[in-house]
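Remarks on the structure that follows.
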Amino acid sequence: VDGSGRPLLVDDVEPGTFLTAFPEHADPEQLGAPLVVVRLDPAELRLPPDRAGWAPDGVVAYSKICTHAGCAIALYRSPLYEPTSARPALICPCHYSTFDPAEAGKVLYGPAGRPLPQLPLVVGAKGELRAAGGFSDRVGPSWWGVRS
Amino acid sequence: MIRRLVRFVDERTGGAPLLQKALRYVFPDHWSFLLGEIALYAFVVLIATGVYLTLFFEPSLAETVYRGDYAPLHGLRMSEAYRSTVDISLNVKAGLLIRQTHHWAADVFVVAIVLHVLRVVLTGAFRKPRELVYYVGLLMLMLALLEGFLGYSLVDDLLSGMGLAIAYSVVMSVPFIGANVALALWGAPFPGVHDFESRMYIAHVFVLPGLIGLLLVTHLLLIMSRHHTQFAGPRRSEGTVVGLRAFPAYAPRTIALALTVAGVLFLLGGLVQINPIWEWGPYSIPQGTNGAQPDWYLGWLIGGLRLMPGFDVVIGNYTLIPNPFWGGVLVPLLVFGALFAWPSLERRLTGDRAFHNLLDRPRDRPWRTAVAAAFFTWVAVLFVAGSSDRVFVYLGIPYTSQIWFWRGAVFVLPALVLVLTRRLCLELQEAERVQRVREAAERGVA
């Protein structure tokens, strides 16, 4: 759902920008709740084989909380001119950890040590986005003994 | 009348000898000795303005909906803490002036302390018998940094919430105990329990200022008992102090300095906007803002966090040391560890165990000056690296190139500064020798 609790439709997600979303009934003020949702060209996706079905129509969802220091990923770098621009990336404004939404949230740059946890998506009967399972990894900053 | 009053007090406290000693205390004269005093008077302004702010600030994370005068925030959910700070800024009489003066005073307070520490290190004022004065001063600097951070974290605006998220991650990253300590402090995984705000509040308005005040008194008493240091000069020796008596000579001067510091701080608070929290908006976990920067005195820490290449120390899928540890914990440990170790290290390296009441000129101790300059450069590089995103905004130099540059510069520049500073000190000494010989020769001719 979006910030006001309205179900988020797959058609709401436009290329070139990101949306903030939450699992239905989740408390938005918990680290595990916020999601960043972007639409990529399905041909550009390089998800691992076991996540092949996680991105209906090229729409991917990741935890919005940076795995470095817990800030919200509030920047989306979207290429303005394909041949020369750097590829799309999700960026945290605190310490500029840069993640690749096309490649399962892999760290492209910056101090983060783990990829962004991905949330598998499916499209429901009315075109709404639904989670098909839990996050691929632990949400938020790491600590001694956390298993990734 | 005054005589009777003095006798009244003396007969009931026996304070006359002490007062006499204090009034006759001799202050040596040099501009750099005023840095500590500036810090002292900034602290007084902080207490005074802070008391006023507590009258209106609501240290509570209870949720409320904004219905005040500032239209852009209308209808937004926020904490009482943030709402009351917006009200202080926009509705309370003199609220914005006092809040901004408080913020400016905190920034100036830390500037003055840092310059004071530099002065003390560069002139060797930390040497026997004043090591304790120096250690107490460093403790105050550490507490001042924490106190400042808590101050702007209390507000619960978007920037302070992001700062706390980072602080939480840094605490979490401490090997072995991190997660337990973070949970004990916050009471629950971030953003923690509502009580966390009251914990910060009691620390900010009572525990830390109390500790700083206590250390301040200790600092001053220790200085009085060991006396001030001075630079060498005519009639000035290890055994005699030359300067102004506290009364009547020094008192008016220091009162004037106190009033000037207060005046400048209130001018800054009244004329120069700082931290316009109504523009940031309330903190919410899913939100972040671009160009997030802490107050200047934490810039070196954010630089350390940003410079670090991205890796967690893991064995298999078991995380040992998460990345924020390096910039957030190790860097401050190294910096303060080095500062605390300085007097004993220098004693060991030089074998100098004598009493020192006379200060060194930086050029006369080339190694100490060079190492201090290199050390300062290292921290300054971290600081500048922490501002790379601002540099990108203003100058357009790509962020990633800057960070790669600073990752190298953080090793190269201090080494370069070390060599250059030592060279410069030796050259200055040499120039003085030449000057002396020339003057002697000219006198001889005349």
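Keep in mind that the numbers below use all heavy atoms, side chains included, and drop hydrogens, waters and symmetry copies. Residue numbering restarts at 1 for every chain, and letters A, B, ... go by the order of the sequence lines. As the structure is a prediction and not an experimental result, all values here were calculated from the model.
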ask   = Which residue out of A/Gly140, A/Gly113, A/Ala112 racks up the most heavy-atom pairs below 4.5 Å with chain B?
value = A/Gly113
note = From the list A/Lys64, A/Gln30, A/His68, the residue making the most non-hydrogen contacts under 4.5 Å with chain B is A/His68
query = Can we call the ring centroids of B/Phe190 and B/Tyr168 under 6.0 Å apart?
reply = yes
note = Checked B/Gly386, B/Ser284, B/Ala179, B/Gly161 vs chain A; the most non-hydrogen pairs under 4.5 Å come from B/Ser284
Taking every non-hydrogen atom, the tightest pair across A/Leu31 and A/Val139 = O-CG1, 3.3 Å
message = Counting only non-hydrogen atoms closer than 4.5 Å, does B/Ile403 touch chain A with its backbone (N, CA, C, O), its side chain (CB onward), both, or neither?
response = both
message = Can you see whether A/Arg114 engages A/Ser142 through a side-chain donor-acceptor pair at a distance of less than 3.5 angstrom?
response = yes
Distance-only donor-acceptor check, side chains B/Asn275 and B/Tyr152, under 3.5 Å = no
task = Examine whether an atom of A/Ile65 lies under 4.5 Å from a heavy atom of chain B, and if so say whether it belongs to the side chain, the backbone or both; otherwise answer neither.
result = side chain
B/Phe383 and B/Trp296 aromatic ring geometry - parallel, tilted or perpendicular at 30°/60° bounds = perpendicular
key: Top contributor to chain B interface from A/Pro141, A/Pro28, A/Cys94 [non-hydrogen pairs under 4.5 Å]   = A/Cys94
task = Measure B/Pro175 against the heavy atoms of chain A and call it side chain, backbone, both or neither at under 4.5 Å.
result = both
request  = Please confirm whether B/Arg407 makes a cation-pi placement over A/Tyr109, using NZ or CZ under 6.0 Å from the six-membered ring centre and within 45° of the ring normal.
outcome  = yes
note = Of the listed A/Cys71, A/Ala33, A/Ala69, the one with the largest count of heavy-atom pairs under 4.5 Å with chain B is A/Ala69
